[in-house]
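The first residue in the sequence is number 1, and the count goes up from there. What you are looking at is a predicted structure, and each value in this text was computed from that prediction instead of being measured.
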Amino acid sequence: MKKRRFVANIFAALATFAASAVSFNPVDNSTIFYKEGSSGELIFVGETDSANINLVSDKTESEIRNVLLVSGKDTSKVTGASVMIGTDKCYTLLYTLEGDEEKEKTNKSYLCYIKKTAMAPTVKVCDYDTINNLICGPDLKVKFSNLVYANSYVNSRGETVKIQDNIVLTYDDYEADGINIKDKLMEVVVIGVNNDSTLFVPKPKRHTVFKLKDKFSQYEYVSDTFRSLLPFATALLTIEGETIPHNTEKRGDEEIKFGTLEDAKTNVGNYMFSGPLTVNLELNSVDNTPADTVDARHSWKFYNDSTGILRNIYKGPFSDMTIRAISIDDYGTYFVTHTCDNSVCKDTIVTGFKVKTSYLLMPTVFTPNGDGYNDEFRPTYTSIKEYEIWIYNTMGKLMYESKDITVGWDGTHKGHEAPIGAYYYVVKAKGVDGTNYKLKGTVSIVRNADN
């Protein structure tokens, strides 16, 4: 056994050495190079009973000569640098290269030829026409017919070696990142396919064609077109709120991605906002919408984590891309679902966000000197939906009042700067969580000496 393994390694090394000095090219297009076989054989595949293969020196100054083709006890001299080998057997090829530093040394290589006998593989996709509602299942079944190649040949050691072919199944599909739909080429590698093979592939979301690329012969076969009935849509949800420099909670426009319910529950903590909020709901543009879904209808629903279904927002045709502005005045965790339905299948995507509990804090000093820092007296807050403030000087004179929490006092009264010093404020507010605030305190105006 060790001796046989040693000999095989020597053969492989010699074949590698030979291949580095000589290239082996099919004479015609009906024969193609496949791969290295066991013990370093170079395997060719073709349609006929034999193959003509050219030997081409990799060195321009070298010439191939003394070419011998050995099969068992039979040895034949080859004229020129073209050899013909028969099917289902391996041959030893001996040659020398004139001009090589070791031209007296005989180079060896092992060539094999396999006649392609199997029919082209085909694929049958089991869709909703043959299996009830399979398209709504997690995968499609792909059934192969006609035996995909499983040829055998006799190698250089006289052993029968079986080559079982692998193929690659590809098809065009869509993928979504929660906001946009993009084209994606799907690829599934199938190893050792035969007549009884059934492959499960992710269900396509678009009309597509299944293609089989046979690695053995490098030919490509195309199945019947598959028509998907899966309604597919992506949705966009944006949160609008006030922009408040002193507040650490998220405000401004924020896009939230959709996914599965598990994704929504995992990521909901990443989307925490100060209420009240305006939620904008929008589908993708028509240009990004698969043609399969144009007859579908869609619906939005809000779920509150504590109270269940909050409201049914909207139902309409898929072609209606209108933004729906929804006001959220209560704190808590919300899940938003978008469902597309064409009466055959439904597809639902989910996202979630949190509206924080309320918080209100008043500063004790501000510097209205126009330097861009602390120029206004305004609160730091989260989730305040009602707000009213009154500010008085030490003589009890009303200097400022407002019901808009987003606007602060700039330290003026009737167009004139208020003197530096202390002022008294009274604040009444209510949070989205129902908390009532009644705050009293003092705030001081500080200016530079030259102001």
Side-chain angles (χ1 to χ4, degrees), residues 238-256 268-280 325 327-334 353-451:
T238 59
I239 299 293
E240 291 183 355
E242 306 88 355
T243 301
I244 304 171
H246 299 286
N247 189 41
T248 58
E249 296 300 328
K250 291 184 179 179
R251 281 179 173 77
D253 289 346
E254 180 80 11
E255 293 183 356
I256 303 179
V268 68
N270 297 326
Y271 302 115
M272 293 188 289
F273 299 92
S274 173
L277 298 173
T278 297
V279 179
N280 296 320
S327 296
I328 301 295
D329 298 326
D330 301 317
Y331 84 105
T333 300
Y334 293 88
F353 63 91
K354 290 183 178 180
V355 177
K356 295 283 288 183
T357 54
S358 62
Y359 172 80
L360 181 62
L361 180 67
M362 307 301 294
T364 59
V365 65
F366 73 112
T367 58
N369 54 13
D371 64 357
Y373 298 96
N374 299 316
D375 284 335
E376 292 183 345
F377 174 57
R378 63 166 64 190
T380 298
Y381 67 92
T382 297
S383 297
I384 299 296
K385 66 178 181 179
E386 296 178 12
Y387 174 82
E388 194 168 5
I389 185 171
W390 300 267
I391 299 176
Y392 304 89
N393 65 11
T394 55
M395 303 298 292
K397 181 179 180 179
L398 181 64
M399 303 293 290
Y400 174 81
E401 65 177 327
S402 175
K403 294 184 178 181
D404 189 347
I405 196 171
T406 66
V407 177
W409 181 39
D410 62 0
T412 64
H413 178 65
K414 295 183 178 180
H416 300 283
E417 290 184 350
I420 60 173
Y423 293 82
Y424 300 94
Y425 66 82
V426 177
V427 173
K428 291 184 179 181
K430 186 174 184 178
V432 296
D433 54 358
T435 301
N436 291 309
Y437 295 87
K438 294 182 179 180
L439 305 179
K440 296 180 180 180
T442 60
V443 60
S444 296
I445 294 179
V446 177
R447 292 190 180 93
N448 295 334
D450 56 353
N451 283 110

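- Residues passing the side chain to side chain contact (heavy atoms under 4.5 Å, CB included) test with Ile420 are Ile445, Arg447, sequence neighbours excluded.
- Atoms NZ and CD, from Lys430 and Glu388 in turn, are 14.0 Å apart once rounded to the nearest 0.5 Å.
- Side-chain atoms of Ile328 and Val279, non-hydrogen and from C-beta on, do get closer than 4.5 Å to each other.
- The OH atom of Tyr381 lies 6.0 Å from the OG atom of Ser274; values are rounded to the nearest 0.5 Å.
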- prompt: Would Asp433 and Ser358 count as a side-chain hydrogen bond (donor to acceptor under 3.5 Å, both in side chains) if you check the C-alpha gap in whole Å, the side-chain angles of each, and the deciding distance to 0.1 Å?
  reply: CA-CA 6 Å; Asp433 54 358; Ser358 62; 2.8 Å; yes
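- To the nearest 0.5 angstrom, Lys403 atom NZ is 14.0 Å from Ile405 atom CD1.
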CA sep, side-chain torsions, deciding dist, call: Trp409, Phe366, ring pair (Phe, Tyr, Trp, His ring centres under 6.0 Å): CA-CA 10 Å; Trp409 181 39; Phe366 73 112; 5.6 Å; yes
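- Side chains of Thr238 and Ile256 form no contact here, defined as non-hydrogen atoms less than 4.5 Å apart.
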Intermediate values then yes/no, side chain to side chain contact (heavy atoms under 4.5 Å, CB included), Leu439 and Val426: CA-CA 6 Å; Leu439 305 179; Val426 177; over 6 Å; no
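- In this structure, the separation between OG1 on Thr442 and CD1 on Ile391 is 11.5 Å, given to the nearest 0.5 Å.
- Contact of the Val446 side chain with the Val365 side chain is registered, since non-hydrogen atoms from C-beta on lie closer than 4.5 Å.
- Distance alone, capped at 3.5 Å, is enough to place a donor-acceptor pair between the Thr367 side chain and the Tyr373 backbone.
- Here Thr406 contributes atom OG1 and Arg378 contributes atom CZ; the two are 7.0 Å apart, rounded to the nearest 0.5 Å.
- Here the side chains of Val355 and Val432 are in contact, with some heavy-atom distance below 4.5 Å.
- Minimum heavy-atom separation, Ile384 to Ala429: CG2-CB, 4.1 Å.
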- prompt: Would Tyr387 and Val427 count as a side chain to side chain contact (heavy atoms under 4.5 Å, CB included) if you check the C-alpha gap in whole Å, the side-chain angles of each, and the deciding distance to 0.1 Å?
  reply: CA-CA 7 Å; Tyr387 174 82; Val427 173; 3.8 Å; yes
Quick one: side chains of residues 392-402, donor-acceptor pairs under 3.5 Å with protein atoms, not counting sequence neighbours, listed by atom name and distance.
{"from": "Asn393", "atom 1": "OD1", "to": "Met395", "atom 2": "N", "distance (Å)": "3.0"}
{"from": "Asn393", "atom 1": "OD1", "to": "Gly396", "atom 2": "N", "distance (Å)": "3.1"}
{"from": "Asn393", "atom 1": "OD1", "to": "Lys397", "atom 2": "N", "distance (Å)": "2.8"}
{"from": "Glu401", "atom 1": "OE1", "to": "Trp390", "atom 2": "NE1", "distance (Å)": "3.4"}
{"from": "Ser402", "atom 1": "OG", "to": "Asp404", "atom 2": "N", "distance (Å)": "3.0"}
{"from": "Ser402", "atom 1": "OG", "to": "Asp404", "atom 2": "O", "distance (Å)": "3.4"}

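- Partners of Thr412 according to the side chain to side chain donor-acceptor pair (under 3.5 Å) rule, which considers only residues two or more places apart in sequence or in another chain, are Asp410.
- Put simply, the side chain of Ile239 reaches to within 4.5 Å of the side chain of Phe353, judged on heavy atoms.
- Between Lys354 and Val268, the closest side-chain pair of non-hydrogen atoms falls below 4.5 Å.
- By the 4.5 Å heavy-atom criterion applied to side chains, Phe377 and Tyr425 are counted as neighbours.
- Counting only heavy atoms from C-beta outward, the side chains of Asn369 and Asp375 approach each other to under 4.5 Å.
- Note that CE of Met272 is 15.0 Å distant from OH of Tyr331, once rounded to the nearest 0.5 Å.
- Ser383 places a side-chain N or O within 3.5 Å of a backbone atom of Lys356 that can act as its donor or acceptor partner.
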